[in-house]
Structures are given as C-alpha cells and as structure tokens.
Amino acid sequence: MNIFRSLAFDLRFILFERLKLRASADSYAKHRSRLLYPDYLKFGAALEAVRPLAGKYCRGRGLDVGAGRWPLAGSRAIEDAADENAYVLKESDESLDYVFSSHTLEHLERPWDAIGEWSRVLRHRGVLFMYLPHPACEMWNPKYLPFHRWCPDPVVLETRLSQEFGYEIIYITYLPDAFFSFVVVAQKNRPDQRRPSATEVRKN
C-alpha cells in the first residue's frame, strides 16, 4: 500500500505541481532557473529550517511579520492588511522582546522603512531575527520571481543594521544554507531606532 501511495504522490507531483511551475514561468530562462534548484525550496515553510535557532533567540513577547500559514510559535502573526502590516504595527514603542521575519523583507518595496518600524516596537536589547533568501541563489532573483522586489545581501544588512540602526549583530551566516537562505540576528542597542517617515521629514 505504501508503494502505491508513493507512486501516486510522484505521479501527482509530476503531472500537476511540475506543470503548474512551468505554466507560471513566463520565459524559458525563468523555468530553467527554477529547475536548477531542488523542489523542496518551492513548497512549504522556510521557517522549518530555522525554527530551533529562532527558539533560542525569540523568547518572550513578539511578532512574526509575514507569517503566512506558518507563524512562529508564541508569536503574533502580522500579514499585509490595510490597518496593520510590515510598515505599520499596532504595538507601543519599545514593548516587544523580539520581531521575527522569514522570507518577507525581499517582498517589500521599502525594506528599511519596515525595519525602522520593527525597531520602534523592540525594547532595548530586544532581538530582530531575519531569515532571508541568499543572493547566490539565482531562483530568488526578482527577474525570475516578480514578487521579489530586491535581493537581500548579508554584508549589506550587517552594515546598515549596525551603522544606520545601531544594532549589535549577534549571529549571522554569510553563506547559503540548504534552503539557499541566510540568517541575521541583531540586538537593539539604543532606544527608538525608528527612521522618520517621508511625511515627518517634510514637516521638519
């Protein structure tokens, strides 16, 4: 029975999932870029790759920004709603112990504004945990995935988080893992690190 179930799954995967991927690719180059990488990258929750590590750093009260169907346990899930999203959080200043985000920042048009808002709600010594697609993986490139707006880079994130936002980087991976992704864990070192919005800048 298990053999028949396995064959049925393989057949369904080939006939439906593979064809669906091919149909969603508007060019051969996009389709080829997807074929270069294993299928487990294309389905399910990337969170599973870092759940144990996130459990080490994400303790207390916190958010999972862009949680989708797989929120980090114990976190309040934030999605793209009109009244609350990556840019606007319904939390008081310096009220949270952590903000977790997995494969979300690359979808944002204004990622640094979002990080500023996440920083606003973090308490002093609070943790910002981000799991992101590595730029070495061609499949993540916006020219192949139009819903990706940019390619996060570990060195760029490390530099800007440290210099512009005043974070201390307490854990970072520079090379891609098995999910062709990397981790940045940063600790807030000064109060109110929210970047002023464009409206606030104009008023000043």
Spell out, as yes or no, whether a donor-acceptor pair under 3.5 Å connects the side chain of Ser119 to the backbone of Glu117. no

Going by the rule salt bridge (Lys or Arg N to Asp or Glu O under 4.0 Å), which residues pair with Glu48 if we only count those two or more places apart in sequence or in a different chain? Arg51

Could you check whether any side-chain N or O of His148 sits under 3.5 Å from a backbone N or O of Trp140, counting only pairs where one atom can act as donor and the other as acceptor? yes

Under the rule for side-chain hydrogen bond (donor to acceptor under 3.5 Å, both in side chains), what residues qualify as partners of Glu79, not counting sequence neighbours? none

Tightest non-hydrogen contact, residues Ala54 and Leu72, listed as CB-CD1, 4.0 Å

Any Pro154 side-chain heavy atom under 4.5 Å of Thr173 side chain: no

Once you round to the nearest 0.5 Å, how far does CZ of Phe179 lie from CG of Asp177? 7.5 Å

Heavy-atom side-chain contact between Gln187 and Tyr57 under 4.5 Å: no

With the side chain counted from C-beta on, respond yes when Val99 and Val121 share a heavy-atom pair under 4.5 Å apart, and no when they do not. yes

Looking only at atom types and distance, does a side-chain atom of His103 sit under 3.5 Å from a main-chain N or O of Ala46, one as donor and one as acceptor? no

Is there a side-chain contact between Ser75 and Leu63, using heavy atoms and a 4.5 Å cut-off? no

Only counting residues at least two apart or in another chain, list the ones meeting side-chain contact (heavy atoms from CB on, under 4.5 Å) with Ala77. Ala67, Pro71

Lys188 vs Glu94 side-chain heavy atoms within contact, under 4.5 Å: yes

Tyr174 versus Glu158, closest heavy-atom pair with distance: OH-OE2, 2.9 Å

side-chain contact (heavy atoms from CB on, under 4.5 Å) partners for Asp80, two or more places apart: Asn85

According to a 4.5 Å side-chain heavy-atom criterion applied to Ile, Leu, Val, Met, Phe, Trp and Tyr, with indirect links allowed, do Val155 and Ile115 form part of one hydrophobic cluster? yes

Sequence-distant partners of Asp97, salt bridge (Lys or Arg N to Asp or Glu O under 4.0 Å), two or more places apart: Arg123

Are Leu175 and Met130 connected in a single hydrophobic cluster, I mean Ile/Leu/Val/Met/Phe/Trp/Tyr linked by side-chain heavy atoms less than 4.5 Å apart? no

Qualifying residues under salt bridge (Lys or Arg N to Asp or Glu O under 4.0 Å), relative to Glu84, sequence neighbours excluded: Arg76

Residues 78-100 vs ring-ring contact (aromatic ring centres under 6.0 Å, His included), sequence neighbours excluded, gives Phe100-Phe129

Side-chain contact test, heavy atoms from C-beta onward, threshold under 4.5 Å: evaluate it for Leu122 versus Tyr167 and give yes or no. yes

Which pair of non-hydrogen atoms, one from Glu168 and one from Asn189, has the smallest distance, and what is that distance? CB-ND2, 3.1 Å

Minimum-distance pair of heavy atoms, taken over all atoms of Cys151 and Asn141: SG-CA, 4.0 Å

Sequence neighbours excluded, which residues qualify as side-chain hydrogen bond (donor to acceptor under 3.5 Å, both in side chains) partners of Tyr171? none

Those residues at least two apart in sequence (or on a different chain) that pass side-chain contact (heavy atoms from CB on, under 4.5 Å) with Pro152 are Glu106, Leu132, Pro133, Trp150, Leu157, Phe182

Partner residues of Arg149 under the salt bridge (Lys or Arg N to Asp or Glu O under 4.0 Å) criterion, sequence neighbours left out: Glu109

Can you sort out the partners of Ala86 under side-chain contact (heavy atoms from CB on, under 4.5 Å), two or more places apart, ordered by chain and number? Val65, Leu108, Ala114, Trp118

In this structure, which one of Leu47, Val50, Leu53 forms a side-chain contact (heavy atoms from CB on, under 4.5 Å) with Tyr131? Val50

Please name the pair of heavy atoms, one in Ile172 and one in Ile169, separated by the smallest distance, quoted to 0.1 Å. CB-CG2, 3.9 Å

Going by salt bridge (charged side-chain N to carboxylate O under 4.0 Å, His left out), name the pairs with one or both residues in residues 59-68, residues two or more places apart or in two chains. Arg61-Glu91

Side-chain contact test, heavy atoms from C-beta onward, threshold under 4.5 Å: evaluate it for Arg120 versus Leu89 and give yes or no. yes

Side-chain touch Leu128/Val184, heavy atoms, less than 4.5 angstrom: no

